[in-house]
Trainee: 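Starting off with a structure, shown below.
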Amino acid sequence: MDPQDKMLNFSVSTICTATAILAEVMKRFGIVYNNANLEGICKGYTSLDYKTYDLSNKSFEDLKEDLFALLTDGIDLDSRKKSGSERTPNDIINYMLDLIEYRGEHILRKNITDPACGTGTFVAQIVDRIIDATDEREKSGLIGKFIEDKCVMAYDTKPSNVFVTKVVIIAVLINRGCITQIKDVENLIQNLPVYCSDYLTVHDKSDYVIGNPPYINVENLDVNLKEYLFKHYKTCIGRTDIYIGFIEKSLSIMAEKGSTTYIIPFSYTNQNYAESSRSLLVNNYSIDELLDTSNYLVFKNAMVKNITIRISKCKSSLTVINVVYSENDFVNKNFNQSIVDTSQFNLLKGCRLETRGSIELIGIKNRIESCSFKLGSIFTIAYGVRVNSKTDKTKPKSYYVHSEYQPLYKPFTEGKCIQRYRHVQCGWLNYKPSEHYNAMYPELFENEKIITINVVSDRLRFSYDNEHLYNSHTVMNCVNIKYLTNAKHISAKKAIEEGNLHLARQYSTLFVLGVLNSKLTSWYFKKFQSEGLHFYPDDAKNLRIPYATQEQQQKVQFLVQKLMNEKESDLDEMHIDEIVYHLFNLSYNDIKIIDPNFQISREEYEKGQ
């Protein structure tokens, strides 16, 4: 069965399972129905052996959980990634509803929209809050509020999700005593404003928008949807993601005094593809709160770190930032809170939504950048070879990488073999540029270079290679552009064109290595660039290198060479740090912020200036 048939089969199964759960809930709460009623709810259902669904031993909460689980149960991981489907934890939903103050009697006069409802996890809590806010004597009239007043609207592009979400709403209303007759169930199934539509194309206004939009990179989108995004959403540019369009759409349908809250990838706060969206929010809307949960995984089955954002149309000058370090801390509301002037985000590169105190460090950042230049202006930075075959699936990486040398094989290493100042060769590469998925080019490997790993632990890790090591895409190569003047590859030509060749010829690779491995560089990266786990080429290009004379460079080079020979490492590293601080014109007070354990006294440091 191909993937499309599997999804169709799963959708039919989903609708039947949801109908069986609804039938059990109706039976349990005394709502009388017959086969004709069930056929009206789900055509063809009574011809199936639905009695095999024995749900009598399950609590209502268990049944509701079964409905929610229909979002991902039976769907393979690749399909979930393509659809952006992940269920949001209940505690997060509850927090987000509290964040937009969705509680109390006033919500009965408002409407709320879930733009990507999935199987109704957000909607279930919304319905409970509406019932909580309703006078006991008026609960029987809630059907009209849901249908005519459209107090809750929801959208999804999958018919099965739309059906399940309707069942969730009805089940909650039945459980809370708001529905007692089958005719009301049928009315709601037919007329609830839960639409099988793409939220990006709708125009219904809403007081609140809340949800977990799909995260799908533009490269994985359908061609027509991709074109629609670029044409209709001004913030969707470059390597965008579909959730950027969801944010912009919410701004256009949100009421004047309305609010939007989304849980989205943490990369939104700092990556280039979201810069236009961030700038729009900072300068035209109110970013009321940012909840940074990037220190742990909110979604257990998705390797994505998250942030929750609340946006309002009523412009405010302040943003509350809450940083949480573990799931347990979140549950116990143990937050590290700060309040910042929203306009100061404009002072950070790319209008980054910095959550880790860096706004208070703008002065140090400005001093660092005033006496330095970007690494990318003198070095090209690029991943290594993506070794597997681009056309033949029977030729994975292991087909090309070997433990023993053969003629013409290239010395080879990977990210896991790199430490600060040291690395080891871990194999031999049968380099076949015409076969590899991405072969890069020989000049990237066959010059002296700095190599680094694309995953960050406690500090950035850079090592020096002058043995012409080839490497995999788990490694980033940093090569001075002065070595690439004869290279034919388009990436090398572009690096020279965009770089400063005159400046590049004045800097040694070992000096740059010492700066990159310094405490200052790791601090700068974590405070002003980091999204936590990964280190990207664009991050490396934006690291700062201080202007330095040949004499100053030689001092660092000498210490670096000692470190590479494993001599007096701790003391030598401290001396490199001291020289680097001086080159960046940092005061002793600045240094104690960057490195509270800096061991040189103020008198010694200032004497060395």
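Keep in mind that this is a model prediction, so the values were computed, not measured. Counting from 1, the numbers follow the sequence of the chain as shown.
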Trainee: Taking side chain as C-beta onward, heavy atoms only, is S389 less than 4.5 Å from Y399?
Mentor: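 They are not in side-chain contact.
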Trainee: Can you name the residues that form a side-chain hydrogen bond (donor to acceptor under 3.5 Å, both in side chains) with E467, not counting sequence neighbours?
Mentor: none
Trainee: Any Lys/Arg nitrogen of E219 or R239 sitting under 4.0 Å from an Asp/Glu carboxylate oxygen of the other?
Mentor: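 Judged by the 4.0 Å cut-off on N to carboxylate O distance, E219 and R239 do form a salt bridge.
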Trainee: Check step by step if side-chain hydrogen bond (donor to acceptor under 3.5 Å, both in side chains) holds for N332 and N328.
Mentor: CA-CA 6 Å; N332 293 309; N328 188 56; 3.3 Å; yes
Trainee: Is the Y268 to Y215 ring centre distance short of 6.0 Å?
Mentor: no
Trainee: May I ask you to check whether F525 and F535 place their ring centers less than 6.0 Å from one another?
Mentor: yes
Trainee: Side-chain contact, heavy-atom cut-off 4.5 Å: F598 with Y588?
Mentor: yes
Trainee: Show your working on side-chain hydrogen bond (donor to acceptor under 3.5 Å, both in side chains) between E443 and Y483 and close with a plain yes or no.
Mentor: CA-CA 8 Å; E443 293 87 352; Y483 299 127; over 6 Å; no
Trainee: Is any side-chain heavy atom of D292 less than 4.5 Å from a side-chain heavy atom of N322?
Mentor: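 The answer is no; the side chains never approach within 4.5 Å.
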Trainee: Indicate yes or no: at least one non-hydrogen side-chain atom of I418 is less than 4.5 angstrom from one of V475.
Mentor: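 Yes; the side chains approach each other to less than 4.5 Å.
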Trainee: Which residue, R310, K315, K313, forms the salt bridge (Lys or Arg N to Asp or Glu O under 4.0 Å) with D288?
Mentor: R310
Trainee: Output all residues satisfying ring-ring contact (aromatic ring centres under 6.0 Å, His included) with F299, sequence neighbours left out; order by chain, then residue number.
Mentor: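 Here no residue qualifies.
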Trainee: Under 4.5 Å between any side-chain heavy atoms of N517 and T521, yes or no?
Mentor: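 No - every pair of side-chain heavy atoms lies 4.5 Å or more apart.
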Trainee: When you measure from the centre of the six-membered ring of F330, is the NZ or CZ of K333 under 6.0 Å away and within 45° of the axis?
Mentor: yes
Trainee: Taking C-beta and beyond as the side chain, do I92 and V298 meet within less than 4.5 Å on heavy atoms?
Mentor: yes
Trainee: Give, for atom OG of S370 and atom CG of N585, the distance between the pair rounded to the nearest 0.5 Å.
Mentor: 6.5 Å
Trainee: Before we go on, tell me: are the rings of F412 and W428 under 6.0 Å apart, centre to centre?
Mentor: no
